[in-house]
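These notes are about the structure you will find just below.
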2 protein chains.
Amino acid sequence: MASSKRDLVLTCARELFEREGFHATGVDRILDKAGVAKMTLYNNFGSKDQLIVEVLNQSSLLMMERIKQYALEASNDSYEQILAIFRALGEWYQDPEFCGCMFQAAVAEFPDHDSAPAQAALAHHQRLTAIFLELCQKAMLKEPEQLSRKLALLASGASCVARQAKARTPADDALNIAEILLERASK
Amino acid sequence: MASSKRDLVLTCARELFEREGFHATGVDRILDKAGVAKMTLYNNFGSKDQLIVEVLNQSSLLMMERIKQYALEASNDSYEQILAIFRALGEWYQDPEFCGCMFQAAVAEFPDHDSAPAQAALAHHQRLTAIFLELCQKAMLKEPEQLSRKLALLASGASCVARQAKARTPADDALNIAEILLERASK
DNA sequence: GAATATTTAGAACGACTTGTCTATTGTATT
DNA sequence: AATACAATAGACAAGTCGTTCTAAATATTC
């Protein structure tokens, strides 16, 4: 299969970028992990920068799918689905593989606002906000735009704190705040 | 003055680290900006890593002083002082010099949890939480520990989102949530 | 003013980086 | 079986990085 090597590189790169950062992860380490020659990487992606962008885009779509699926499995009620997303965050933070949100790392490592990684991170946050917005509207909650922005802010904050403290406490706190916000927006 | 050169390097390094990141900022760029020879840096700090740590520690203390002072100038009431801190965040994000919270960048660029920069960032977050805790206790708010954790989470989340979107909206949203939380904890 | 530190500019070093080139091996497809 | 393509290992170039060293110039102290 032609694309299997490509996907392999993509996956290995994502794991290393997550764990050790983008700049700190050399191309050679990705190659070692993937067991692939250097030219296969450069033939498929052109450059490390482009590989980073593709990893970010793939990760965002993957994460969105997982979030949506998790919400659907948790409940049929949009209100409950929103809370389920925050419970999912708690489980994510408890995962020993968890090393913080990749997109927060991307904006930190590529501070130029116009850089492709920074824009990919912005797009990711907007996608997350859009998911919340859709659920807020379905649940007939008041001021859904502002509320979805707040929920996305809570998720970002929880991920940010969890990266430092490596506990589920931030997710619990965020969930608790989300419950309060939803309750107020429902009556 | 012996320490003036040292402080100059410290300040220039902080500005460059903030704007362009730690790894992306080479030692030579710091020297150019400070107008200082290479050996003055290495005689004063020993290494770039140590310079980073000192920059982080200095920045944290500086930020804490500013926050406390801002709160004191805003009001005599602890309750109002908490809200004033979130209003200060909004002004900070509007500053054209704002490039995101330095400590969030530090944990992203030094993912190793035991690294000195990561620990400095953790200490910074704990200091911020401690300030909130003190104010919550003075204001006689319910469950001050949990509440101060939540407030710190809000501040982190707002900084995180503001770095991407570069607007005061996240600060306004965080302030709004904080108002809700304080109201609930006061009655 | 002499002696002692400090600071300077700049060369040099070794380790690392991304990316390219080449020559060889493996693998499909016809 | 033969041709076309993909992938391999590894050397290589070119550049950047942090760090050290040296020798001259400057500042500080006695």
Side-chain angles (χ1 to χ4, degrees), chain A residues 1-57 102 105-106 108-112 115-118 120, chain B residues 1-57 102 105-106 108-112 115-118 120:
Chain A
M1 210 66 73
S3 65
S4 83
K5 295 252 174 196
R6 206 189 123 94
D7 288 349
L8 180 63
V9 171
L10 219 43
T11 304
C12 291
R14 192 185 66 232
E15 287 180 21
L16 286 171
F17 288 153
E18 272 183 349
R19 201 181 317 139
E20 315 196 9
F22 298 95
H23 288 139
T25 305
V27 171
D28 291 328
R29 304 216 29 210
I30 300 172
L31 301 176
D32 280 354
K33 188 178 174 73
V36 149
K38 192 171 271 193
M39 281 310 290
T40 23
L41 190 154
Y42 281 95
N43 282 332
N44 277 297
F45 299 98
S47 70
K48 185 191 176 185
D49 286 331
Q50 214 157 343
L51 171 62
I52 290 174
V53 174
E54 295 215 32
V55 164
L56 287 172
N57 288 334
M102 210 183 181
E109 289 206 50
F110 302 91
D112 182 7
S115 69
Chain B
M1 209 68 72
S3 65
S4 85
K5 296 251 175 196
R6 206 187 123 94
D7 289 348
L8 181 62
V9 171
L10 219 43
T11 304
C12 292
R14 193 185 64 230
E15 287 180 21
L16 286 172
F17 288 154
E18 272 184 348
R19 200 181 316 140
E20 315 197 7
F22 297 95
H23 288 140
T25 304
V27 171
D28 291 329
R29 303 215 31 209
I30 300 172
L31 301 176
D32 281 354
K33 188 178 174 74
V36 149
K38 196 168 268 193
M39 281 311 290
T40 26
L41 189 154
Y42 281 95
N43 282 332
N44 277 296
F45 299 97
S47 69
K48 184 191 177 185
D49 287 331
Q50 214 156 343
L51 171 59
I52 291 173
V53 174
E54 296 215 32
V55 164
L56 287 171
N57 288 334
M102 210 181 180
E109 289 206 50
F110 302 91
D112 182 8
S115 69

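The side-chain heavy atoms of A:Lys38 and A:Leu41, taken from C-beta on, include no pair separated by under 4.5 Å. The closest side-chain heavy-atom distance from A:Thr40 to A:Val9 is not below 4.5 Å. Residues B:Leu56 and B:Phe17 have side chains not in contact (no heavy-atom distance under 4.5 Å, counting atoms from C-beta outward).
Scanning all heavy atoms of the two residues, the minimum distance from A:Ala108 to B:Ala105 falls at CB-CA, 3.6 Å. Closest approach of B:Ala106 and B:Pro117 over heavy atoms only: CB-O, 4.4 Å. Heavy atoms only, all atoms of each residue included: A:Asp112 and A:Ala118 are closest at O-CB, 3.4 Å.
The CG-P distance, from A:Leu8 to D:dA6, rounds to 18 Å in whole Å. For A:Leu16 and C:dT18, the CG to P distance is 12 Å, given to the nearest whole Å. Atom CZ of B:Arg6 and atom P of C:dT6 are 14 Å apart (whole Å). Atoms CZ (B:Phe45) and C1' (D:dT20) sit 18 Å apart, rounded to a whole Å. Note: CG (A:Asn43) to P (C:dT22) measures 14 Å, nearest angstrom.
The A:Lys5 side chain lies nearest to D:dA7 when the options are C:dT20, D:dA7, D:dG18. Closest to the side chain of A:Thr40, from the set D:dT8, C:dT18, C:dT8, is D:dT8.
Remark: nothing in residues 46-55 of chain A comes within less than 4.0 Å of DNA chain D through any heavy atom. For the segment residues 28-39 of chain B, residues with any heavy atom less than 4.0 angstrom from an atom of DNA chain D are, sorted by number, B:Lys38, B:Met39.
Taken to the nearest 0.5 Å, the CG atom of B:Leu8 stands 11.5 Å off from the CD1 atom of B:Ile30.
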Name every donor-acceptor pair, under 3.5 Å, that has one atom in a side chain of residues 19-26 of chain B and the other anywhere in the protein, sequence neighbours excluded.
| from | atom 1 | to | atom 2 | distance (Å) |
| --- | --- | --- | --- | --- |
| B:Glu20 | OE1 | B:Arg29 | NH1 | 2.6 |
| B:Glu20 | OE2 | B:Arg29 | NH1 | 3.3 |
| B:Glu20 | OE2 | B:Arg29 | NH2 | 3.3 |
| B:His23 | ND1 | B:Glu109 | OE1 | 3.1 |
| B:Thr25 | OG1 | B:Leu16 | O | 3.4 |
| B:Thr25 | OG1 | B:Gly21 | O | 2.6 |

